[in-house]
Amino acid sequence: MKEEGFFKTVIRYIYHKKKAFFFIVVMLALLTYAVLGKKGLLQRYELDMENRDLKEKLKNEQEKTIILQKEIEDLKTSDKKIEKVAREKYGMTKEGEEIYKIVIDSAK
């Protein structure tokens with residue numbers, strides 16, 4: 001009985017206060033659109049987070065670029081650096097040198 005009375009009260013309110021009800025519905029619709037819409041607050045928050053992540057990645061890539069540019073400059077100007085890279089990366093040796101490789105058994 002109480003539920004029926006509640007619904008009757010709500011329907012009576014809507015019927016007699018049509019302008020207020022219409023205003024409330026419109027405001028709820030606008031609020032919903034402002035929060036959940038294509039340019040709403042949630043979308044804005046997600047885009048800000050993505051922007052922050054992209055800026056961090058850009059900063060990291062710029063730091064890597066600086067390091068690589070320094071290495072390129074070192075290779076252009078230093079014969080010792082060229083020799084070091086040739087020995088470490090490509091296993092090159094001078095004439096008469098011998099290379100000994102130590103194999104470590106990781107099963108023990």
*Asks:* Charged N to carboxylate O below 4.0 Å: is that the case for R52 and D48?
*Replies:*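 Not counted as a salt bridge, because no side-chain N and carboxylate O are separated by less than 4.0 Å.
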*Asks:* Is there a path of hydrophobic side-chain contacts, each under 4.5 Å between heavy atoms of I/L/V/M/F/W/Y residues, joining F22 to L31?
*Replies:*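 Different hydrophobic clusters.
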*Asks:* Rounded to the nearest 0.5 Å, how far apart are OH of Y33 and CG of L41?
*Replies:*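 Output value for this atom pair is 11.5 Å.
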*Asks:* Within a radius of less than 6.0 Å around CZ of R87, do more than 12 heavy atoms belonging to other residues, nucleotides or ligands occur?
*Replies:*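 Yes.
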*Asks:* With sequence neighbours excluded, tell me which residues meet side chain to side chain donor-acceptor pair (under 3.5 Å) with E50.
*Replies:*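 E50 satisfies side chain to side chain donor-acceptor pair (under 3.5 Å) with no residue once adjacent residues are dropped.
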*Asks:* Do any side-chain atoms of residues 54-69 form donor-acceptor pairs under 3.5 angstrom with protein atoms, and if so which ones, sequence neighbours left out?
*Replies:*
| residue | atom | partner | partner atom | Å |
| --- | --- | --- | --- | --- |
| N60 | ND2 | E56 | O | 3.4 |
| T65 | OG1 | E61 | O | 2.8 |

*Asks:* May I have the step-by-step check of salt bridge (Lys or Arg N to Asp or Glu O under 4.0 Å) for D74 and K70, ending in yes or no?
*Replies:* CA-CA 6 Å; D74 288 345; K70 185 178 183 309; 3.5 Å; yes
*Asks:* Is it the case that more than 12 heavy atoms not belonging to K84 sit under 6.0 Å from its NZ atom?
*Replies:*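 Result for NZ/K84: open.
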*Asks:* What pairs with K94 under salt bridge (charged side-chain N to carboxylate O under 4.0 Å, His left out), at least two apart in sequence or on another chain?
*Replies:*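 Only E83 meet the salt bridge (charged side-chain N to carboxylate O under 4.0 Å, His left out) criterion with K94.
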*Asks:* Please enumerate all residues that pass side chain to side chain donor-acceptor pair (under 3.5 Å) together with E46, with sequence neighbours excluded.
*Replies:*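 Expected list: none.
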*Asks:* Could you work out, with side chain to side chain contact (heavy atoms under 4.5 Å, CB included) as the rule, every residue matching V25, not counting sequence neighbours?
*Replies:*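 Expected list: F21.
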*Asks:* Can you tell me how far CD1 of I82 sits from OG1 of T77, rounded to the nearest 0.5 angstrom?
*Replies:*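 Between atom OG1 of T77 and atom CD1 of I82 there are 8.5 Å.
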*Asks:* Got a sec, which residues hit side chain to side chain contact (heavy atoms under 4.5 Å, CB included) with K89, two or more places apart in sequence or on another chain?
*Replies:*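 For K89, the residues satisfying side chain to side chain contact (heavy atoms under 4.5 Å, CB included) (neighbours in sequence not counted) are E71, V85.
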*Asks:* Should we say atom CG of N51 is surrounded by more than 12 heavy atoms from elsewhere, each under 6.0 Å from it?
*Replies:*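 Counting other residues, nucleotides and ligands, CG of N51 exceeds 12 neighbours.
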*Asks:* Would F6 end up clustered with I14 when hydrophobic side chains under 4.5 Å apart are linked, directly or stepwise?
*Replies:*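 Yes, same cluster.
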*Asks:* Just verifying a value: how many Å separate L47 CG and L42 CG, rounded to the nearest 0.5 Å?
*Replies:*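 The CG atom of L47 sits 11.0 Å away from the CG atom of L42.
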